[in-house]
Participant: 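Provided herewith is a single structure, encoded as structure tokens, for subsequent inquiry.
Everything numeric in this text was worked out from a predicted model, so none of it was measured.
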Amino acid sequence: QQDNLLFLWSIIVSIFGIGGLLGSSGSRYLTVKFGKKKCLLCNNVLMIAAASIMGCSKIAQSFEMILIGRFMCGVSLCVPLHHQYVGEISPKKLRGFANSTSSFFWSLGKAVGQISGQRELLGSQTLWPMLMASCGFPALVQLVMLPFFPESPPYLLMHKGDQEGCKKAIRQLWGEGQHQAEIDDIMKEKATMKNTKILSVLELVKEPAFRWQLYMIVILTATVQLCGINAV
């Protein structure tokens, strides 16, 4: 039985990465078709559902519910939208700082999770379902607050061609004033993208110009996995 428990624990830990692979694979298509705001809202709903499933696993006496919840968490968390949306709605002078907050809060969340998981806090036999369900709280807060924010201005202008909607979103985010320079920058980026070929994964692997950069990213990413980050 000890071997079976170890196998199940390994599956529960690793299935998060499988969900992440699925989520990251479809992120580009979803963001282009539906926009970052709608995708973030769907992510929040998925995370709340995952938290509810995992939180009820003890009552239902079902480890399969933990597996399903972890998989759904992986799909939700590994769609790389938060830093993109935050960066695109931030003023240019604050954009670098806003992008760095994603990494900061990601690390802070891991630290809080590790501390909360101690047996003296939420890691006890009676309270661990609350720990599993706690990931739904930030998603619930964002689900309530995000509808008050507009869609990303670059998305509205570059993918939808809605210049008026873009100006309205900018005014809502940054206030009244002259924002023509920011709109011109988005238009320049749009013109640049038209002349840039977007490579598929297979084409990227075959392209000699990016081979060493690809090797470095693969090695770094694989090395990070060896530190046990998915177990957190």
Participant: Are Ile53 and Trp128 connected, step by step, through hydrophobic side chains (Ile, Leu, Val, Met, Phe, Trp, Tyr) whose heavy atoms are closer than 4.5 Å?
Facilitator: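 Yes; tracing contacts between hydrophobic side chains, which count when under 4.5 Å, links both residues.
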Participant: Is there a side-chain contact between Asn43 and Cys39 in this structure, where contact means two heavy atoms from C-beta onward sitting under 4.5 Å apart?
Facilitator: no
Participant: Should Val86 and Phe97 be counted in the same cluster of Ile, Leu, Val, Met, Phe, Trp and Tyr side chains packed under 4.5 Å apart?
Facilitator: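 Val86 and Phe97: separate clusters.
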Participant: Mind checking the NZ-CG spacing from Lys167 to Asp162? Nearest 0.5 Å is all I need.
Facilitator: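 Answer rounded to 0.5 Å: 10.5 Å.
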Participant: Can you find a pair of side-chain heavy atoms, one from Ser134 and one from Ser116, that are under 4.5 Å apart?
Facilitator: no
Participant: Testing the basics here: between Leu131 and Gly117, what is the closest heavy-atom pair and its distance to 0.1 Å?
Facilitator: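 Looking at all heavy atoms of both residues, the shortest contact is CD2-CA, 3.6 Å.
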Participant: Within the side chain of Arg95, is there an N or O that forms a donor-acceptor pair under 3.5 Å with the backbone of Ser90?
Facilitator: yes
Participant: Same cluster for Phe7 and Ile68 if Ile/Leu/Val/Met/Phe/Trp/Tyr side chains link at under 4.5 Å?
Facilitator: yes
Participant: Kindly say whether Ala98 contributes a backbone atom to a donor-acceptor pair with the side chain of Thr101 at under 3.5 angstrom?
Facilitator: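 Present.
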Participant: Within the side chain of Gln61, is there an N or O that forms a donor-acceptor pair under 3.5 Å with the backbone of Ser57?
Facilitator: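 Not at all, since once roles are kept as given, no pair shorter than 3.5 Å links the two residues.
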Participant: With a 4.5 Å cut-off on side-chain heavy-atom distances among I, L, V, M, F, W and Y, is there a chain of contacts connecting Phe149 to Val45?
Facilitator: yes
Participant: Once you round to the nearest 0.5 Å, how far does CD1 of Ile18 lie from CG of Leu67?
Facilitator: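 Answer for the CD1-CG pair, Ile18 versus Leu67, is 9.5 Å.
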Participant: Do Cys73 and Met47 have side-chain heavy atoms sitting under 4.5 Å apart?
Facilitator: yes
Participant: To the nearest 0.5 Å, what is the distance between CG (Leu40) and CD (Glu151)?
Facilitator: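 One gets 8.5 Å once the value is rounded to the nearest 0.5 Å.
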Participant: Quick one: closest heavy-atom pair of Cys166 and Pro153, and the distance?
Facilitator: SG-O, 3.5 Å
Participant: Can any side-chain N or O of Asn44 pair as donor or acceptor with the backbone N or O of Leu140 at less than 3.5 Å?
Facilitator: no
Participant: Should the ring pair Tyr215 and Trp212 be called parallel, tilted or perpendicular, given that the plane angle runs from 0 to 90° and is split at 30 and 60?
Facilitator: perpendicular
Participant: Measure the CD-NZ distance between Glu88 and Lys36 for me, rounded to the nearest 0.5 Å.
Facilitator: 4.0 Å
Participant: Closer than 3.5 angstrom, by distance alone: can the side chain of Trp174 be matched with the main-chain N or O of Ile89 as a donor-acceptor pair?
Facilitator: yes
Participant: A quick test of your reading: do over 12 heavy atoms of other residues, nucleotides or ligands sit less than 6.0 Å from NZ of Lys168?
Facilitator: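 Result for NZ/Lys168: open.
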Participant: When rounded to the nearest 0.5 angstrom, what distance separates CH2 in Trp9 from CZ in Phe63?
Facilitator: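 The CZ atom of Phe63 is 14.0 Å from CH2 of Trp9, to the nearest 0.5 Å.
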Participant: Under a 3.5 Å distance rule, please check whether Arg70 uses its side chain to pair with a backbone N or O of Ile12 as donor and acceptor.
Facilitator: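 Yes, because the side chain of Arg70 sits within donor-acceptor range (under 3.5 Å) of the backbone of Ile12.
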Participant: State plainly whether one hydrophobic cluster holds both Ile115 and Val112, where clusters connect Ile, Leu, Val, Met, Phe, Trp and Tyr through side-chain heavy atoms under 4.5 angstrom apart.
Facilitator: no
Participant: Please check if the side chain of Gln172 supplies one atom and the backbone of Phe148 the other of a donor-acceptor pair under 3.5 Å.
Facilitator: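 Such a contact is found between Gln172 side chain and Phe148 backbone.
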Participant: I want to check something: taking the side chain as every heavy atom from C-beta on, are Leu22 and Phe71 in contact at a cut-off of under 4.5 Å?
Facilitator: yes
Participant: If I take atom NZ from residue Lys58 and atom CE from residue Met132, how far apart are they, to the nearest 0.5 angstrom?
Facilitator: 12.5 Å
